[in-house]
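Labels below follow one simple rule: chain letters A, B, ... track the order of the sequence lines, proteins then strands, and each chain is numbered from 1.
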Protein chains: 2
Amino acid sequence: MKRESGKAKRRQHEFLDAAAAVFAAKGYHGATTGDIAARLGIKQGSLYYYFRSKEEALEQVCLVGVKGFVQTIEDITASDVSLREKIARTVAAHLGALATRKDYVVVFLDQRQHLPPDRRGEILAQSRRYVQVIEDILKSGRDSGEIKSSTDPRLAALNLVGLCNSVADWYGHDPKLTIELIGKNITNMFIEGVGA
Amino acid sequence: MKRESGKAKRRQHEFLDAAAAVFAAKGYHGATTGDIAARLGIKQGSLYYYFRSKEEALEQVCLVGVKGFVQTIEDITASDVSLREKIARTVAAHLGALATRKDYVVVFLDQRQHLPPDRRGEILAQSRRYVQVIEDILKSGRDSGEIKSSTDPRLAALNLVGLCNSVADWYGHDPKLTIELIGKNITNMFIEGVGA
DNA sequence: CACAATTTCAATAATGTTATTGATAATCGT
DNA sequence: ACGATTATCAATAACATTATTGAAATTGTG
């Protein structure tokens with residue numbers, strides 16, 4: 001009989017959290033399975049009850065990381081609000097994922113390259129689609145005259161995503177800089193720029 | 001007698017290039033000294049004629065990477081041109097370093113965290129100063145009324161640097177996207193935004 | 001409680017990696 | 001061409017890491 005009691009799921013979750021934390025802190029290759037085990041208070045070999053291989057663990061962590069991004073973006077495109085509001089929501093969702101699941105997001109951003117090609121498929125597809133959706137949002141904004149006609153939607157989308165991703169490099173250093181504050185700042189800069 | 005013939009320097013340079021390329025491609029821990037040796041066409045043990053340890057190699061690569069950034073930024077602050085021009089030059093210098101020394105820059109950006117604390121000192125100091133100089137440029141621009149008074153120079157500096165750094169993630173994928181084009185795009189977006 | 005399922009352990013095989021060393025080959029200046 | 005300097009090699013010690021296995025402990029259930 002399959003158990004799948006809430007307890008088992010909780011433990012599985014703890015395991016993924018530990019893997020994400022260790023991968024984020026040390027990088028995939030810099031992290032050892034022993035590090036993950038130590039964080040869970042179990043022995044290195046015991047981990048293999050939860051995964052088949054270290055690679056599989058990385059894949060799972062990356063998937064959680066990227067899904068945090070993609071989750072809400074669909075609804076945002078569909079919603080009937082101004083372009084500014086769409087961008088504000090996109091940024092908020094992006095930064096929100098960073099705040100609530102920093103380890104997963106950081107691992108997705110920085111460690112997915114270490115997955116062998118045959119494990120990269122879905123992760124790559126999801127992240128490509130994410131940028132594509134943002135590009136589409138910008139394109140529609142250009143059509144509706146809400147953004148400059150000279151704006152290249154592709155480049156602008158890459159810039160917006162890069163801008164949000166870069167927050168991961170320093171978020172948390174200064175407690176004054178809340179997600180809300182940073183989000184407003186990025187949204188404003190993206191739409192109006194810093195020029196007087 | 002110390003030789004220091006041009007040849008020796010050239011070889012030293014080749015060695016650093018190889019280390020940078022391998023670290024950039026596989027990450028510090030994912031890269032083996034054997035990988036670096038293979039790229040140079042020599043045996044793994046022979047590398048230790050050029051460095052004392054893998055860590056030292058990483059430190060040297062990171063230093064070259066960060067110096068590419070800091071090099072020109074000083075002159076830009078001093079120069080007597082408009083804020084827009086200062087920012088345009090800053091972005092151009094940043095992206096230029098990315099284009100001409102991508103491997104070194106990528107290693108500095110993504111791998112410096114794997115240096116032990118006692119090797120991080122100078123690298124950290126240089127990169128802090130880099131952001132500080134940009135912050136100062138923006139502050140002076142705020143004082144001169146060239147940028148919005150509501151702009152937070154610190155956040156804006158972090159954003160500008162993050163934006164430029166994020167180009168490393170995709171630069172080179174599309175040959176149509178030249179450094180000049182990307183630079184103009186970023187400068188425009190940073191100052192005027194994409195809004196109509 | 002007793003039984004079955006779940007979770008962890010101890011021990012270890014197989015492999016890979018860094019760094020050292022003394023010998024050897026290649027190169028340079030005279 | 002010769003001796004000295006520079007560069008590379010072969011071999012290996014020491015160590016770390018992943019993954020496997022069968023046993024043991026723990027937990028949940030009737």
Open item on the list: Whether the B:Thr32 and B:Asp35 side chains hold a donor-acceptor pair (N or O, under 3.5 Å, no angle test) is what I'd like checked.
Closed with: yes
Open item on the list: Can you list, in residue-number order, the parts of residues 11-28 of chain B that come under 4.0 Å of DNA chain C, counting heavy atoms only?
Closed with: none
- [ ] Could you check whether B:Tyr50 gets within reach of a base, just the sugar-phosphate, or nothing at all, counting any heavy atom under 4.0 Å?
- [x] sugar-phosphate
Task: For atom NZ of A:Lys9 and atom P of D:dT27, their distance in whole Å - done: 22 Å
- [ ] Return yes if a side-chain donor-acceptor contact under 3.5 Å exists between A:Asp152 and B:Asn185, otherwise no.
- [x] no
Task: Crowding at NZ, B:Lys102 (>12 non-hydrogen neighbours, <6.0 Å) - done: yes
TODO: Let me know the distance between CZ of A:Arg52 and C1' of D:dA19, rounded to the nearest Å.
DONE: 13 Å
Task: Note: B:Glu85-B:Arg89 ion pair, threshold 4.0 Å (strictly below) - done: yes
- [ ] Round to the nearest Å and state the distance from A:Lys54 atom NZ to D:dT20 atom P.
- [x] 15 Å
Task: Residue from A:Glu59, A:His114, A:Gln60 passing side chain to side chain donor-acceptor pair (under 3.5 Å) with A:Arg119 - done: A:Glu59
Task: Within residues 29-49 of chain B, residues whose heavy atoms come under 4.0 Å of DNA chain C - done: B:Ala31, B:Thr32, B:Thr33, B:Gln44, B:Gly45, B:Tyr48
Open item on the list: Using a 6.0 Å cut-off, check whether atom NZ of A:Lys26 has over 12 heavy atoms from anything other than its own residue.
Closed with: no
TODO: State, without any angle test, whether B:Ser53 and B:Glu55 hold a side-chain donor-acceptor pair at a distance under 3.5 Å.
DONE: no
Open item on the list: Looking at A:Lys184 and A:Glu180, is there a salt bridge between them, counting it only when a charged N and a carboxylate O are closer than 4.0 Å?
Closed with: no
